[in-house]
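Since this is a predicted model, take the numbers as computed values, not measurements.
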Amino acid sequence: MILAATGPEIAFWGFAVVAGIAGFFVVGSRNVVHAALYLVGVLGSVGAIYIVLGAEFVGWVQILIYVGAIVVLLLFGIMLTKAPIGGVALDNNQRPVAFIVAATTFGGLTWIIWRTFGGTRIRLSPTRTAQIGNSLFTHFVLPFEAVSVLLLAALVGAIVLARRD
Amino acid sequence: MTEHAYLIPILPLAAFFLIIAFGKRLPLKGPEIGIVAVSISFIMSVGIIAKFVGAHGAEHAREISTRWFPFGSGAHLQIGMKIDGLTAVMFIVVTTVSLLVQIYSIGYMKGEVRYTWFFAALSLFTGSMLTLVIANNLLMMLIGWELVGICSYLLIGHYWEEKANSNAAIKAFITTKTGDVPFLIGIFVLFAGTHTFNINAIYHKVAVGDVSHATLTAAAILLFGGAIGKSGQFPLHVWLPDAMAGPTPVSALIHAATMVTAGVFLVARLFPVFAASPEALNEVALIGAFTMLFAALIAMVQDDIKRVLAYSTVSQLAYMMAALGVGAREAAVFHLFTHAFFKALLFLGAGSVIHAAHSNSMRDMGGLRKLMPTTYATFLIATLALSGIPPFAGFWSKDEILTEAFRAGQHGPTHIVGYIVYVFGAITAFLTAFYMMRAFQMTFMGKYRGEAHPHESPRVMTGPLVILGALSVVAGFVGIPGLKSGFGSWLALGEHEVESANYLLIVVSVLLAGGGLVLGSRVYRTYAEVDPLERLGWFHKVLVNKFYIDEFYMAAIVRPIRDRVSRATLWINQNVLDGAVNGAAAVAKISGDGLYDQLDQKVVDGAINGIGITARATGGVLKYLQSGDVQKYAAYLFAGIVILAVLFTRFA
Amino acid sequence: MPTTLDLHAVLPEIILSGTLLAVLVVDLFLRDERKLWNSVIAMAGVLGSFWATLTLIGDHRATFNGMFVVDSFALLFKLMFLAVAALVILISANYLDEGVRSTQGEFYFLLLSSFLGMLLMASSRDFLMLFVALELVSAPGFLVAGFKKRDARSNEAAVKFFLFGVLSTAVMLFGMSLIYGVTKSTNLVAVGQALAHPAARSEPLIVASILFIVAGFGFKVSAVPFHFWAPDTYEGSPVPVAAFLSVASKAAGFAGLLQLMFVAFPHQSNVWAPGFAIMAVATMTLGNIVALAQTNIVRLLAYSSIAQAGYMLLPFAVVGGAGPAVMRQAFAASLTYILIYSFMNLGAFAVVIVVNRKRSSNLIADYDGLMSREPGLTTAMLFFLLSLAGIPPLAGFWAKFFVFSAAINGNAAWLAAVMVLNSVIGLYYYLSIGARMVLRPAEDQSRIGVPFALAAAIILLVIIVVAVGVFPDFFNHFSPRSTLVAL
Amino acid sequence: MNLAWPLTLGALLFSIGVYGVLARRNAVLVLMSIELMLNAVNVNLVAFSTWIRETIAIGQIFALFVITIAAAEVGIGLAIVLLIFRNRETINIDEIDLLKW
């Protein structure tokens with residue numbers, strides 16, 4: 001099966017493995033900053049997978065916004081809260097429960113996904129960015145406007161809360 | 001007249017709002033509005049009942065309804081009125097008693113707190129009861145039923161500054177509510193069986209046999225639960241004696257016309273449903289038979305004059321229930337009718353006495369005959385009427401019940417039940433005469449033993465007494481056996497056959513009543529510091545302690561539940577919830593914040609609160625799920641999803 | 001793809017958006033002691049939007065490619081949300097002016113943003129739109145919950161609300177993504193048609209997705225086991241925010257849930273209805289029982305509102321495999337309950353806000369003897385409590401009655417019985433507050449004083465609770481005509 | 001390529017995120033875990049979108065909205081976390097339990 005794999009498939013596999021392993025480290029790392037850096041790994045790989053799957057615009061947005069903005073924000077958060085870098089336990093006492101829940105979720109989801117989509121093939125072809133833009137500003141203009149209000153609200157609210165007074 | 005019968009409940013209801021809005025600015029501070037309103041209602045009621053007198057009364061029965069709001073698919077719920085003989089009789093009872101009570105209260109409540117509000121509440125009480133009576137469907141009836149409950153709560157707790165009074169109000173409310181739960185379920189069982197709330201439609205469905213026997217039995221028994229609560233039947237009678245905490249005119253109203261008669265009215269109104277199920281009828285009969293004797297025994301040893309009357313009400317209501325149980329609907333309603341007058345008279349008379357003697361205890365009275373002649377005379381009439389001495393009102397109705405019970409024993413479907421009711425009824429008749437004579441002797445005869453300076457009450461109070469006295473004499477004549485257009489035909493049941501009198505039974509009951517009176521007056525002719533009944537020994541003690549029912553509820557239901565729950569709480573806390581740490585905290589919390597203390601205070605009457613305690617204790621345990629740790633919540637969330645997933649797939 | 005936009009259809013939303021921007025800008029120029037003007041502007045905007053909604057009554061419009069629909073269902077909810085918005089502004093004004101004066105403008109701005117999300121929610125007929133609207137409802141909620149910045153409890157309320165909120169959103173989105181994959185559409189009607197196929201009825205993937213989506217909205221309506229945030233957040237938040245969350249935000253959740261279950265997933269009702277039965281029973285029982293053990297009035301109202309959500313969920317449980325008539329009745333019952341609940345619960349919270357002005361501890365013990373201090377206020381509270389308890393003839397009775405008869409008609413008598421038992425437990429704690437207010441002696445005999453805005457809100461709410469009790473037709477009038485359940 | 005593979009990756013990231021939400025006590029780490037869950041959603045959406053090949057690219061647009069809103073939520077979340085840190089000197093959420101019962 002591996003032998004029959006095409007280029008995009010190999011690329012997908014590569015990024016998927018990186019994303020998975022980095023994901024484990026995000027929730028397993030004993031250092032907050034390391035966890036954030038592993039998160040960059042996950043997000044970057046996922047962005048790359050979008051590009052492999054033909055969703056170029058989404059892929060670049062993922063890398064720009066997530067890696068460029070969200071992770072930086074999270075790092076600011078880590079620094080401002082003077083989170084202990086290593087040493088102090090970052091986990092609470094319900095790890096076993098968490099593990100069982102996560103394993104059950106993964107098992108269950110994988111089972112139902114393969115049951116339904118096990119034999120379905122994707123033909124990869126890129127979606128042009130123009131297509132996305134066109135669709136966003138015609139078909140989806142209402143949610144777009146709504147999200148702009150949401151962003152404004154989040155901005156104003158976050159400033160009010162975070163500001164010292 | 002019949003077409004505008006809806007005004008009868010609406011006028012007092014409107015009076016309620018008018019009194020609240022303008023009452024304080026009027027010369028009498030409120031009562032005039034209520035009295036005018038209920039007077040008009042009374043006149044209209046007379047007009048309506050006049051139509052039912054005579055052989056063709058049944059033809060005047062009306063059901064008028066209008067669409068209320070859409071309900072279900074295509075159907076409409078209706079608001080409307082059902083006017084028949086039963087409604088007409090109830091109208092007369094409620095409006096007469098309410099009118100007289102309101103007039104009497106002008107004198108009785110003079111200078112009391114919340115004077116105007118009191119009259120507003122009386123009007124609301126009257127209007128609610130009339131709404132219940134006029135209803136042509138069960139939902140409207142339920143609204144009246146609940147309103148009556150709320151009003152009684154407000155009025156019993158009128159002097160809420162004293163804790164005992166507020167407790168009595170809560171006890172009354174919760175006890176009757178306990179009966180309302182099966183009542184509500186019963187209404188919906190009936191609805192599920194008949195697909196209608198309309199009473200006439202229910203009659204029809206039952207008559208044509210559209211509804212299964214099981215459904216009817218279940219519905220009837222559940223509905224009877226409501227009647228047990230409202231009419232103070234065993235085992236939910238505990239609230240009625242405590243309800244004496246309210247002002248005496250309120251007691252008169254509750255015991256004669258509103259509230260407690262609602263239960264009897266309910267069974268009478270839905271009689272076809274009960275009649276379709278012999279099991280349900282027998283239950284009604286047996287509970288009635290038991291309660292009448294039980295309450296009469298307790299009444300014998302009470303020293304508080306109002307409590308004697310309260311237990312007497314329980315007993316007399318049981319007569320009505322038992323009569324319904326043996327199928328004698330007319331006799332039951334007849335007794336309701338006559339009882340309303342002499343019981344209202346007794347309470348108002350007692351009120352007059354209490355007003356004068358400043359005490360409820362008969363041990364502080366005595367010798368009031370000379371000092372309060374009007375009260376004395378009317379009280380005597382009422383005593384004779386309640387005891388069942390001819391020709392006073394009570395005789396005719398009580399005798400009819402006993403006759404019907406005996407007849408049910410001879411010909412009824414379940415002979416034994418009829419005979420049981422008859423025997424219990426006969427014994428109770430004897431006891432009733434006895435305890436009434438005891439009360440009468442202790443209050444009016446002998447020498448005055450109290451500290452106050454009693455004098456006759458003002459005219460505004462004695463006037464109603466005289467009117468009720470007259471009614472207590474004559475009200476029974478409408479139901480003399482063999483009378484062609486008598487009481488039975490008013491109810492317009494259709495195939496009313498005129499029963500011939502059974503003279504043997506009449507003689508027996510007169511002898512029993514007379515015997516009770518004679519015995520009572522012999523024993524209590526001279527006042528004794530120690531009640532002669534104490535010679536009965538342990539039995540007297542049992543009676544004084546009201547058969548230990550309150551204590552039984554406490555010991556058999558409340559404590560075991562409470563103790564077991566507390567033990568279970570402890571166990572669960574220690575073993576299940578988050579180990580010993582939380583458990584210890586929880587126990588400390590429970591004992592610490594004085595949950596028990598609070599509960600003990602709140603446990604006025606155990607059995608009823610038992611459920612509340614269980615639920616509360618469960619709440620006390622369950623609340624520890626809310627540990628404050630949001631990640632635990634998240635874990636519970638996923639656990640919930642898993643449970644739901646199992647549920648979803650089980651049905652997939 | 002040329003699309004003509006129907007701007008009249010979105011006029012209420014446009015007016016509200018304009019207002020929230022206006023509040024934000026005007027606030028910059030207001031000195032601290034004049035901040036009350038913000039509430040005036042907000043109120044004007046809400047009323048304008050209400051008027052705009054009224055002009056749409058009777059219409060049936062769909063615009064933005066079917067994502068946004070104006071029909072009687074949407075209009076009914078919008079009118080309700082706007083009425084609640086006006087009342088929330090009324091009950092917040094004094095509280096804010098005495099507490100968090102400097103951030104008042106932002107508070108109204110966030111509040112209106114959330115209400116904008118609700119208006120959109122009522123009209124959304126698309127997963128994407130529902131998601132965006134849901135977030136627009138929630139996100140300002142997270143922020144206003146923490147508006148008492150120096151109060152550690154308020155902070156905690158916000159963080160719990162936030163974490164629970166984003167977690168359930170993530171779960172819900174996962175479900176939505178799978179449904180999109182199966183049905184190749186995000187439009188609710190199209191999804192419903194795609195899922196009507198017999199093979200799709202019990203496909204595990206679809207069942208799991210529905211469950212995930214229910215979890216997301218279950219959070220919003222605080223159904224057990226997605227309710228845990230609610231008591232903590234209500235208790236810690238500023239009281240008007242708790243009122244807002246327990247009424248408007250919950251109703252918005254139901255607006256979404258009703259559309260999802262009855263438009264997108266009706267063909268799976270055999271699968272989800274039993275789950276809803278358990279959820280409803282658990283929600284009402286847990287809410288009621290734990291409420292008994294409370295000493296804080298806001299927390300008690302939080303559990304009471306959880307219990308009330310259980311009653312609203314109950315009709316969902318009877319539609320499994322039922323015919324259209326039962327389905328329509330269940331839908332109407334749930335809808336009516338939500339509408340009636342909103343007003344009576346808001347009333348109870350309004351009274352709590354008044355008492356909170358005097359004593360900020362919010363203990364139930366603070367209500368002892370309230371009758372002798374503020375008879376009018378106490379009477380109003382008694383109306384709200386009795387209505388919540390479902391005593392006829394107040395509005396709450398009819399709410400329970402419709403749900404009850406929906407259960408009976410749907411052959412779920414056991415659910416009806418559970419509901420009655422629960423009402424009795426509820427009665428117990430509602431009445432015990434009532435009894436304390438009337439019967440216990442007051443520690444402090446001084447009057448509290450009811451500011452004009454609060455008094456106006458309370459009087460309006462009493463009128464609504466009584467009027468709907470006498471004319472239950474008022475609400476019931478709309479619901480059966482809803483175009484949503486035209487199955 | 002088999003559609004089930006990207007979906008499995010989605011399931012994996014989602015489950016890892018669930019683990020992190022339940023087991024991490026540092027609030028910032030919990031936020032990161034939630035980001036993982038949202039990414040899982042996006043992987044699904046993009047994969048389906050590629051498979052379905054609709055002209056208006058619903059799935060991709062949906063993913064864009066999820067990213068945008070995730071950014072807004074992180075902003076809100078960090079503001080709240082900072083607020084808590086200022087008042088309590090800790091952001092360990094298992095220590096934040098003033099409100100309970």
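- For the atom pair C:E13 CD and C:M118 CE, the distance stands at 13.0 Å (nearest 0.5 Å).
- Note: D:F48 and D:W51 have tilted aromatic rings, judged against thresholds of 30 and 60 degrees for the angle between ring planes.
- Of the atoms belonging to D:I52, it is side-chain heavy atoms, and not backbone ones, that fall under 4.5 Å from chain C.
- If you measure heavy-atom distances from C:Y303 to chain D, the contacts under 4.5 Å come from the side chain alone.
- Neither the backbone nor the side chain of D:V18 comes within contact range of chain C, judged by heavy atoms closer than 4.5 Å.
- Aromatic ring orientation, C:F142 versus C:F161: perpendicular (interplanar angle above 60°, classes split at 30° and 60°).
- Counting heavy-atom pairs closer than 4.5 Å to chain C, the top-ranked of the candidates D:V81, D:V66, D:L38 is D:V66.
- Looking at D:I93, only its side chain comes within 4.5 Å of chain C, counting heavy atoms on both sides.
- Atom CD1 of C:I213 sits about 13.0 Å away from atom OG of C:S168, to the nearest 0.5 Å.
- Contact of D:I69 with chain C is made through the side chain alone, with heavy-atom distances under 4.5 Å.
- The residue among C:L143, C:V182, C:N296 with the most heavy atom pairs within less than 4.5 Å of chain D is C:L143.
- With a 4.5 angstrom heavy-atom cutoff, D:S49 touches chain C via backbone and side-chain atoms both.
- A 4.5 Å side-chain heavy-atom check between C:N155 and D:I80 finds every atom pair outside the cut-off.
- For D:F14, the part lying near chain C is the side chain, with the backbone staying farther off; criterion is any non-hydrogen pair under 4.5 Å.
- The OG atom of C:S222 lies 10.0 Å from the CG atom of C:L245; values are rounded to the nearest 0.5 Å.
- With chain D as the partner, the residue from C:T169, C:V132, C:L178 showing the most heavy-atom pairs under 4.5 Å is C:L178.
- For C:F162, the part sitting under 4.5 Å from any heavy atom of chain D is the side chain, from C-beta outward, and nothing else.
- No part of C:L136 comes within reach of chain D, as not one of its non-hydrogen atoms sits under 4.5 angstrom from that chain.
- When D:N87, D:L7, D:V30 are compared by the number of non-hydrogen pairs under 4.5 Å with chain C, D:N87 comes out ahead.
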I would like to know whether D:L13 and D:M37 meet side chain to side chain contact (heavy atoms under 4.5 Å, CB included); could you show each step before the answer? CA-CA 6 Å; D:L13 289 178; D:M37 292 171 74; over 6 Å; no

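- With a 4.5 Å cut-off on non-hydrogen atoms, D:L31 touches chain C through its side chain but not through its backbone.
- Taking 4.5 Å as the limit, every side-chain heavy atom of D:I58 sits out of range of all side-chain heavy atoms of C:L128.
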Assess whether side-chain hydrogen bond (donor to acceptor under 3.5 Å, both in side chains) is satisfied between C:K220 and C:S249, documenting all intermediate values. CA-CA 7 Å; C:K220 209 75 225 147; C:S249 173; 3.3 Å; yes

